[in-house]
Amino acid sequence: MKALFYSQGEDHYALDPDLKAILDTFFPGLPREELSAFGRLVGEEVLEVAHHVDQEAHPRLLMHDLDGNRLDRALLSPAQRALLEKLRPMIRPAYEGRGWPLHYALGYLLADGGLYCILTITHQVAYALHKYAPEHEGVKRELLYGPAYGATWMTEIQGGSDLGANRTLARREGGAFRLYQGDKYFASGAGLADYALVTARPEGAPEGPKGLGLFLLPREVEGRLNFRVRRFKEKLATRAVASGEVELEGSLAYPIGRLEEGIYYTLETLTVARLANAVAAMGIAKKAHLEALFRVGRRTAFGRKLVEHPLVERDLLEMRLRQVGGTALAFFAVAAFDRAWEESPPYSPSYHYARLLSHLAKGRTAEHGTALTALAMELFGGIGFLEDYGLARWHREALITPIWEGPANIQALDMAEAIAKKKAHEPLLEALRETPLALAYAEKALGRLAEEGPWYAKEALRRLADAVAVHALSQVGEAPFPELARLYAQAFLEGEGLPASARRPALYHPWEG
């Protein structure tokens with residue numbers, strides 16, 4: 001299907017030498033053959049099916065069966081359902097003792113917001129059960145090995161990111177809990193999920209986020225629907241995952257772990273998803289980057305190929321810097337999470353450091369992804385804006401990454417809380433000592449944050465994230481990464497712009513050399 005994507009039919013792992021260099025630096029020993037096979041699946045089938053779903057085959061809600069019974073099922077394209085089963089193994093590595101880096105590397109290569117969301121919310125349920133509810137081992141296996149799908153339904157219409165405003169009430173009735181007055185308004189996976197994680201406030205629990213418990217909500221109880229899906233929402237993108245509104249009224253639910261620790265379990269599952277958001281943001285950006293690289297080598301304007309024009313070369317350098325900086329930042333955060341993920345409350349400084357990095361990565365990669373996909377469209381010109389072809393969708397898909405799992409303001413405030421209350425910046429500064437320039441800018445940002453508080457929090461997040469990106473890029477010894485690290489610092493930390501001396505194919509074009 002080269003008519004829609006230049007990268008159709010290609011191995012997307014083989015097309016991405018920068019990803020290889022970053023993975024080899026932080027996670028030596030990842031199975032290259034497995035990554036390459038997945039990269040071929042992405043190029044040969046994922047692109048085609050995801051485009052088909054986005055354009056022609058959105059999930060739709062079937063509310064009743066033939067006998068008039070309430071069903072509330074998502075109807076998927078057969079092509080999407082078959083593809084999801086091929087993709088399901090990517091959620092298993094951490095639970096099979098293979099660690100999180102492989103999962104997130106596969107997530108980067110997949111990089112379809114809707115498909116990856118379905119898989120992420122499924123293994124978020126498995127994550128909570130694995131750590132805090134071993135009595136549901138059978139459900140965990142259904143989620144990891146099929147046929148079940150999961151979901152995480154936390155936010156409600158009156159609160160959004162303000163989880164403390166949740167109104168869903170958990171009432172103990174006999175040996176079980178029933179959930180009442182629940183209106184989960186942004187419920188991804190509605191109609192598809194067989195099991196969901198939901199937040200609810202047990203009767204008598206205090207107000208605010210620390211009064212929330214975390215519960216496992218099955219789709220059916222004794223053959224009867226346990227919740228209702230009011231409707232699916234029309235979205236700009238991520239159309240492969242149905243997002244709807246779920247009503248909980250008398251719904252049977254099982255507590256996960258200690259009810260008084262529910263908010264901590266909830267935030268853990270959000271960390272898992274925020275890292276997925278970060279790698280997906282850069283993976284989506286890479287899809288647009290690949291299309292742009294093919295395009296500028298093929299398109300001629302004013303008597304020369306686009307890639308031979310100085311301003312195009314400058315655009316390509318900016319794209320590569322955003323790509324490698326965001327990708328290195330994301331996988332640096334993944335490495336910290338992989339070292340600390342098995343901890344339970346109360347957490348060690350290592351876990352708080354990993355959480356801090358997840359906020360930095362989630363916030364900054366979303367900015368890089370949206371900027372990069374927009375620039376790719378610009379390099380294509382008018383054809384890049386047409387829905388007839390594939391590039392426009394990458395920009396639409398990128399636009400959700402600043403919003404999902406808490407927008408930039410939430411990431412900045414949570415980052416500030418981790419610094420003020422958990423001293424999570426201390427191990428960060430220790431790590432940055434290897435890169436003096438990054439350390440200097442991080443210390444300056446932390447100083448302003450201490451003085452100006454929330455007013456400066458979003459800028460502090462950006463500055464700290466860029467400092468970590470410079471440090472992470474500096475760890476990659478393979479050429480031209482040391483020079484890319486210096487250019488990233490010059491462009492994004494020092495604000496000096498890109499020098500003409502960087503107009504070299506080895507710097508702006510990842511396929512050179």
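Computed from a predicted model, the values in this text were never measured in an experiment.
- Counting heavy atoms of neighbouring residues, nucleotides and ligands inside a 6.0 Å radius, atom OH of Tyr180 exceeds 12 of them.
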Given the rule in the ring pair (Phe, Tyr, Trp, His ring centres under 6.0 Å) test, do His352 and Tyr264 qualify, once you have shown the distances and angles that lead to the verdict? CA-CA 12 Å; His352 294 304; Tyr264 300 110; 9.4 Å; no

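- The two atoms that bring Pro93 and Leu102 nearest to each other are CG-CD2, 4.1 Å, heavy atoms only.
- For Glu96, the CD atom counts as densely surrounded, since its 6.0 Å shell holds more than 12 non-hydrogen atoms of other residues, nucleotides or ligands.
- At distances below 3.5 Å, at least one donor-acceptor pair connects side-chain atoms of Gln8 with backbone N or O atoms of Gly43.
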Go through it in stages, so that I can follow the logic: the residues are Thr266 and Leu163, the test is side chain to side chain contact (heavy atoms under 4.5 Å, CB included), and I'd like the CA-CA distance, side-chain angles, deciding distance and then a yes or no. CA-CA 10 Å; Thr266 300; Leu163 291 180; 4.0 Å; yes

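- Dense packing is recorded around CZ of Arg231, with more than 12 heavy atoms of other residues, nucleotides or ligands lying under 6.0 Å away.
- We find that Glu44 and Arg40 are not joined by a salt bridge, their nearest charged nitrogen and carboxylate oxygen being 4.0 Å or further apart.
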Candidate pair Lys287 and Phe5, rule side chain to side chain contact (heavy atoms under 4.5 Å, CB included), full reasoning: CA-CA 10 Å; Lys287 295 291 184 284; Phe5 297 96; over 6 Å; no

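- For His289, there are no ring pair (Phe, Tyr, Trp, His ring centres under 6.0 Å) partners two or more places apart in sequence or in a different chain.
- Among all heavy-atom pairs drawn from Ala133 and Ile256, the shortest one is CB-CG2, 4.3 Å.
- The one candidate from Phe337, Phe331, Trp100 that meets the side-chain contact (heavy atoms from CB on, under 4.5 Å) condition with Leu275 is Phe337.
- Between Trp153 and Ala190, the shortest heavy-atom contact is CZ2-CA, 3.9 Å.
- Here the options are Leu225, Leu192, Asn226, the test is side-chain contact (heavy atoms from CB on, under 4.5 Å), and the partner is Arg219; only Leu225 passes.
- Side-chain atoms of Asn277 never come within 3.5 Å of backbone atoms of Lys362 as a donor-acceptor pair (strictly under, hydrogens ignored).
- A 4.5 Å side-chain heavy-atom check between Ser7 and His12 finds at least one atom pair inside the cut-off.
- Nearest approach of Trp341 to Ala94, heavy atoms of both residues: CZ2-O, 3.9 Å.
- A donor-acceptor contact under 3.5 angstrom links the side chains of Ser348 and Glu343, judged on distance only.
- Put simply, the side chain of Leu214 does not reach to within 4.5 Å of the side chain of Glu261, judged on heavy atoms.
- Between the side chains of Tyr347 and Glu268, at least one donor N or O lies within less than 3.5 Å of an accepting N or O.
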Do Asp11 and Leu15 pass the side chain to side chain contact (heavy atoms under 4.5 Å, CB included) test, and can you show the C-alpha distance, the side-chain angles, and the key distance before you say yes or no? CA-CA 6 Å; Asp11 176 349; Leu15 288 176; 6.0 Å; no

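- When atom types are taken as modelled, the side chain of Arg396 and the backbone of Leu236 share a donor-acceptor pair closer than 3.5 angstrom.
- At least one side-chain heavy atom of Leu110 sits under 4.5 Å from a side-chain heavy atom of Leu119.
- Although no hydrogens or angles enter the test, the distance criterion places no donor-acceptor pair under 3.5 Å between the side chain of Ser36 and the main chain of Arg32.
- Between Tyr132 and Tyr265, a ring centre-to-centre spacing shorter than 6.0 Å is recorded.
- For the residue pair Leu372 and Ala285, the shortest heavy atom distance occurs at CD2-O, 3.4 Å.
- The environment of NZ in Lys235 is crowded: more than 12 heavy-atom neighbours from other residues, nucleotides or ligands sit within 6.0 Å.
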Would Leu212 and Met154 count as a side chain to side chain contact (heavy atoms under 4.5 Å, CB included) here? Give the steps. CA-CA 10 Å; Leu212 294 178; Met154 313 299 185; over 6 Å; no

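- Formation of a donor-acceptor pair under 3.5 Å by the Glu397 side chain with backbone atoms of Thr238 is found in this model.
- Residues satisfying the side chain to side chain donor-acceptor pair (under 3.5 Å) test with Glu56, not counting sequence neighbours, are His52.
- Side chain of His64 to backbone of Arg70: no donor-acceptor contact under 3.5 angstrom is found.
- Looking at heavy atoms from C-beta onward, Tyr185 lies out of side-chain contact with Glu156 at the 4.5 angstrom threshold.
- Taken to the nearest 0.5 Å, the CG atom of Leu35 stands 6.5 Å off from the CG atom of Leu23.
- Within a 6.0 Å radius of CZ in Phe27, more than 12 heavy atoms belonging to other residues, nucleotides or ligands are found.
- Looking only at atom types and distance, the side chain of Tyr104 has no donor-acceptor partner in the side chain of Asp338 under 3.5 Å away.
- Using a distance-only test at 3.5 Å, with no hydrogens or angles considered, a donor-acceptor pair links the side chain of Asp72 to the main chain of Val229.
- Annotation: side chain of Met415 is in contact with side chain of Leu464 (closest heavy-atom distance under 4.5 Å).
- Considering only heavy atoms from C-beta on, Leu259 comes within 4.5 Å of Phe215 through its side chain.
- Seen from the ring of Tyr149, Arg88 counts as a face-on cation partner, given the 6.0 Å and 45° thresholds.
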Can I get a per-line list of side-chain donor-acceptor pairs under 3.5 Å for residues 399-411, giving both atom names and the distance, sequence neighbours left out?
unit_1: Thr401; atom_1: OG1; unit_2: Ala398; atom_2: O; d: 2.7
unit_1: Asn409; atom_1: OD1; unit_2: Lys458; atom_2: NZ; d: 2.9
unit_1: Gln411; atom_1: OE1; unit_2: His359; atom_2: ND1; d: 2.9
unit_1: Gln411; atom_1: NE2; unit_2: Glu405; atom_2: O; d: 2.8
unit_1: Gln411; atom_1: NE2; unit_2: Gly406; atom_2: O; d: 3.0

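- In this structure, Glu33 places its CD atom where only 12 or fewer heavy-atom neighbours from other residues, nucleotides or ligands lie under 6.0 Å away.
- Remark: Tyr145 OH is packed, more than 12 non-hydrogen atoms of other residues, nucleotides or ligands lying under 6.0 Å away.
- The shortest distance between side-chain heavy atoms of Pro31 and Arg98 falls below 4.5 Å.
- Side-chain N or O atoms of Gln323 include one that pairs as donor or acceptor with a backbone N or O of Met282 at under 3.5 Å.
- With a 6.0 Å radius and a threshold of 12 heavy atoms from other residues, nucleotides or ligands, Lys86 has its NZ atom at or below the threshold.
- Between the side chain of Ser358 and the backbone N or O of Arg355, at least one donor-acceptor pair lies under 3.5 Å.
- Remark: side-chain polar atoms of Gln181 are paired, donor with acceptor, to backbone N or O of Arg167 under 3.5 angstrom.
- Contact annotation: the side chain of Pro202 never approaches that of Arg172 to less than 4.5 Å [non-hydrogen atoms, C-beta and beyond].
- The aromatic rings of Tyr6 and Phe380 are tilted relative to each other, their planes meeting at an angle between 30° and 60°.
- Ring geometry for Tyr116 against His103 counts as tilted: the plane angle lies between 30° and 60°, on a 0 to 90° scale.
- Here the closest non-hydrogen pair linking Glu367 and Arg322 is O-NH1, 4.4 Å.
- In this structure, CH2 on Trp394 lies 11.0 Å from OG1 on Thr373, to the nearest 0.5 angstrom.
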